[in-house]
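Quick note: numbers below take in every heavy atom, side chains included, and nothing from hydrogens, waters or symmetry partners.
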Amino acid sequence: MATCVPVFSSFGQEVDKNFIVVKNILAQSPNTQVLHLKLDSLYKKGIPSRSKLSLVFTRDIDFNHQHQRVNFGVNFGYFQIDLITHNDSILMSVLSHKDNRKLRSIRIQEEAINTYLATRNSFYKSSKTSKEVAVEISKELVYAFYCGDGSPKTEEGKQIERLVKNSNTQKLGEMLTSLSVETQSFAVTGFEMLSSLEKKITPDQKRMIQHIKNRNSEVVACKGCLSGLIEKVY
């Protein structure tokens, strides 16, 4: 049974209207094939210069489940759609307004997601809830320690350096369990930095690190002035 958790915030009549339309499309789409057909139909009705439809990535998030992200815009409404899928069926969707994150709607196939989480939590020795999953998969994050003009250090890169300096394996270990592949990749790099300093890493942490590397899911990355690259890092 699907549950819907809508969150609304006034952001203009046209935007609210578009948000509701896309939210209803998600409610009517049992799988990604139907969803993309419906989004494409709506996209074609929009003003070409003010509308967009792009599949950002479809990547493995363990146990035959995928995380798919779609950027969609129609006229003045621009949205990010994050999905958890299994055999193309949509188990969770998170619809977020690109300019106003308070405008948000979450749909969950509770039984299917709970089954997935039971297996995943056992493997990662975590206790993720469906609400935490929705936050983690919809977070926009770029895997980079240096990014932009002049390649300054990223805030995330600075955080990893601080965690390594303080030998904070607990926080890095928590990051390994994230549904965000970028967060996991930052954690792996942090542990590699600790390993080079001959700091102790637990067998479970080593096991998860090796699994993440073997899975080698695509991340959103940045190389200097080239941001938003989708690539494998291992």
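- In this structure, E182 and E156 have side chains that are not in contact, with every pair of non-hydrogen atoms separated by 4.5 Å or more.
- Under a 3.5 Å cut-off, the side chain of S185 and the backbone N or O of V181 do form a donor-acceptor pair.
- Hydrophobic clustering (side-chain heavy atoms under 4.5 Å, transitive across Ile, Leu, Val, Met, Phe, Trp, Tyr) keeps I108 apart from V135.
- Side-chain N or O atoms of N216 include one that pairs as donor or acceptor with a backbone N or O of Y234 at under 3.5 Å.
- Residue V56 is found in a hydrophobic cluster whose other members, listed by chain and number, are F57, V142, V220, I230; membership requires side-chain heavy atoms under 4.5 Å apart, directly or through intermediates.
- For R207 and F123, the positive end sits near the middle of the six-membered ring, less than 6.0 Å away and at most 45° from its axis.
- A salt bridge is absent between R69 and E140; no separation between the charged side-chain nitrogens and carboxylate oxygens falls under 4.0 Å.
- Rounding to the nearest 0.5 Å places CD of Q68 at 7.5 Å from CG of L35.
- No side-chain heavy atom of N87 sits under 4.5 Å from any side-chain heavy atom of N64.
- Put simply, the side chain of R120 gets close to the backbone of T177: a donor and an acceptor are under 3.5 Å apart.
- For the pair K158 and E161, the salt-bridge criterion is not met [side-chain N within less than 4.0 Å of a carboxylate O].
- Between S178 and K139, the closest side-chain pair of non-hydrogen atoms is not below 4.5 Å.
- One hydrophobic cluster holds both Y43 and L95 under the rule that ILVMFWY side chains link at heavy-atom gaps under 4.5 Å.
- Taking Ile, Leu, Val, Met, Phe, Trp and Tyr as members and joining any whose side-chain heavy atoms lie under 4.5 Å apart, directly or through other members, L37 forms no hydrophobic cluster with any other residue.
- Side-chain contact between K213 and E192 is present, with heavy atoms from C-beta onward closer than 4.5 Å.
- A donor-acceptor contact shorter than 3.5 Å is absent between the side chain of N75 and the backbone of R50.
- The closest donor-acceptor contact from the side chain of H67 to the backbone of I137 lies under 3.5 Å.
- Criterion: ILVMFWY side-chain heavy atoms under 4.5 Å apart, direct or through other members. Under it, M208 and L172 are part of a common hydrophobic cluster.
- The main-chain N or O of S217 is never found under 3.5 Å from a side-chain atom of D60 such that the two would form a donor-acceptor pair.
- More than 12 non-hydrogen atoms from other residues, nucleotides or ligands lie less than 6.0 angstrom from NZ of K98.
- Judged by distance alone, with hydrogens and angles left aside, the side-chain atoms of R107 form no donor-acceptor pair with the main-chain N or O of K23 at under 3.5 Å.
- Interatomic distance, CG of D62 versus CZ of R215, reported as 4.5 Å (0.5 Å rounding).
- With sequence neighbours excluded, no residue forms a side chain to side chain donor-acceptor pair (under 3.5 Å) with E218.
- No chain of hydrophobic side-chain contacts below 4.5 Å, direct or via other Ile, Leu, Val, Met, Phe, Trp or Tyr residues, connects L42 to V34.
- No side-chain donor-acceptor contact under 3.5 Å links S195 to the backbone of F191.
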